[in-house]
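Working notes, structure below.
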Amino acid sequence: MLIVALLLAAFAAVACYDGLPGIQWTLWTTAAAAGLYHYAGPARRDVVLLLALAVFLAGGAAVTGNGGSDFAILCSCAVLLAVAMRIASGVPVDAVGAGEIALAAPAGAFETIGETWRRSGESARDGSMRASLPVLRGLALALPLVALLWILLGEADPHLSAWGSAIAAWIESLAFVPRLVFGSAVFVLVFGAYGIARRRAPRPARVPAAPAILLGATERAIIAGAVTGLLALFVALQVGYFFGDPAAAAGTGITYAEWSHRGFGELTTAAVIVTVLVVLLHTHAARGTERAERAIRALSLALAALTALVVASAFRRIVLYEQAYGFTELRLWSQAFMVGVWGALALLALEIGTALDARRLARRTAVVAAFLIGALAYWDHDAFIARRNVERFAGTPKLDVAYLARGLAVDAIPALVAMRDRLPAEQAEELMACLAGRRGDRELRPGPWYQFSWRRAAAREALATIPEGAATARGCPGY
């Protein structure tokens, strides 16, 4: 276990620290997940889906060059691995709910630090590190010997000599210190996580505690009925907007752009609030008669359906805004969020039809969110945005060439270069100038093999087809 943690920490320090996300994220996550699966023991069946999902998401880092997707992948993998560690340690799957998922990463980090400290103290007291001492002694003897031979052989080979000089300069500059700190932190987290999974501290049988009753049956029915009535009124008012002229329906003094753009945040927030409300009405309210419960269930299903229509209204507003003003990454991520809300509402309706379990709903919703993040990473949505905007606004002032070339991730570059012939000469020249100016971007500089990203490599190949003088011939407005 110690050697595995050291190897993972060393790989992270060499390949992951201060480097662009790429295939190394996939390799590290796969290795870490395999180790956690091994040490999970009897809990392997419970954690295999979480670990497989983490590997699936990490694979997106080797595909996309979008920084937002990379950040979402990193956070999602951290949560999935932390939850898997908790389950492997003996936490029942049924006990994992929204709170456990939200706090999994920070709580898991503190727990792994404590586990590493505990195991280090025990090893020092009972001598259990003896099995690892030969390895440590071997490394201590081998490293000076390898360094000596490297110096001798470097006199006969220019490559070894250059590499040795680079390593010496790196050490002299103290650049290895933050990398060493990063690797040490990774070791603490991995070693502690494996120790927690391997220890599998016996957990007392979980007796589901009765949820606190916050509302009576009467208040519950009044709230459900009132909110259902309000949403029904809102949806009824939206029917004309779905099929009619939104600018005319919005009323005097409100432009088409204002109508299609305004209210999106409010509608999605209202949808989330109503979803949480339905859960609370089923978990923190007193039960009524059988007839009353059937009525509440019907109202809850109606609330879920009406909330889905509210989200549809917000979705349509974004679609209309895109049709008028073009696609952006923020608008597309907003639409993906609404798709996730639809998924959560479908799961909520499924729960209402049986016996609503808030923790199970949270787990299923988290899985839906993870798949959405993975889908956005594997799908080249930046290229989609670029193609749609060029197809709709080519040759018009509405085409924001600077945004397409510099505002989107490098994933969009091959699509933009391929579509330059569809643009008028002036816009094509401006687009190529903006793209050529990205040659110096950090994401597009060639790097080690383990930082490989499919779309970053494709972007470099596409940029190579742009004449060298394009960037100086014409500037990029706004940049």
Main-chain N/O of Glu443 paired to Asp441 side chain as donor or acceptor, under 3.5 Å: no

For this output row, return yes or no: ring centroids of Phe384 and Trp379 closer than 6.0 angstrom. yes

What's the shortest heavy-atom distance between Val279 and Ala358, and which atoms? CG1-CB, 3.9 Å

Does Tyr39 have Arg198 sitting over its ring (NZ/CZ under 6.0 Å from centre, angle to axis within 45°)? no

Mark yes or no for whether Arg456, through its side chain, and Gln451, through its backbone, hold a donor-acceptor pair below 3.5 Å. yes

Hey, could you give me the CZ/CZ distance between Phe337 and Phe315, rounded to the nearest 0.5 Å? 13.0 Å

Measure from the side-chain N and O atoms of Trp28 to the backbone N and O of Leu8, and report whether any donor-acceptor pair falls under 3.5 Å. yes

At what distance, to the nearest 0.5 angstrom, does CG of Leu50 lie from SG of Cys77? 11.5 Å

Ionic contact status for Glu100 with Arg359, cut-off 4.0 Å: no

Report the distance from atom CG of Asp380 to atom CG of Asn66, rounding to the nearest 0.5 Å. 9.0 Å

With no hydrogens and no angle check, is any side-chain donor or acceptor of Asp411 less than 3.5 Å from a backbone partner on Thr64? no

Any donor-acceptor N/O pair, Glu115 side chain to Ile113 backbone, under 3.5 Å: no

For residues Tyr194 and Ala32, report the shortest heavy-atom separation together with the two atoms involved. OH-O, 2.8 Å

Measuring only between side-chain heavy atoms, which start at C-beta, is Arg460 closer than 4.5 Å to Arg445? no

Taking all atoms of both residues into account, what is the closest heavy-atom pair of Val410 and Ala459, and its distance? O-CB, 3.5 Å

Between Arg86 and Gly108 (side chain of the first, backbone of the second, donor and acceptor by atom type, cut-off under 3.5 Å), is there such a pair? no

Is any side-chain heavy atom of Thr328 closer than 4.5 Å to a side-chain heavy atom of Ile385? no

So, does Arg388 use its side chain to make a donor-acceptor pair with the main chain of Phe327 at under 3.5 Å? no

Knowing that exactly one of Trp454, Trp449, Tyr450 qualifies, which makes a side-chain contact (heavy atoms from CB on, under 4.5 Å) with Phe452? Trp454

Flag the pair Val401 / Leu404 as yes when at least one side-chain heavy-atom distance between them is below 4.5 Å, and no otherwise. no

Using modelled atom types and a 3.5 Å cut-off, is there a donor and acceptor pairing between side-chain atoms of Asp382 and backbone atoms of Ala409? yes

Side chain of Trp342, backbone of Ala308: donor and acceptor closer than 3.5 Å? yes

Check Phe182 against Ala13 and note the closest heavy-atom contact, atom names and distance. CD2-CA, 4.1 Å

Test item: Arg420 side-chain N/O and Leu431 main-chain N/O as donor-acceptor pair under 3.5 Å: no

Contact between Leu361 and Asp357 at the side-chain level, heavy atoms closer than 4.5 Å - yes or no? no

Does Arg45 have more than 12 heavy atoms from other residues, nucleotides or ligands lying within 6.0 Å of its CZ? no

Shortest non-hydrogen contact from Ala197 toward Leu36: CB-CD1, 3.8 Å

Parallel, tilted or perpendicular for Trp333 and His381, by the 30°/60° rule? perpendicular

If you compare all heavy atoms of Leu399 against all heavy atoms of Ala394, which two are closest, and at what distance to 0.1 Å? CD2-CA, 4.2 Å

Could you walk me through whether Ile413 and Arg438 pass the side-chain contact (heavy atoms from CB on, under 4.5 Å) test, one step at a time? CA-CA 10 Å; Ile413 292 178; Arg438 298 196 67 171; 4.3 Å; yes

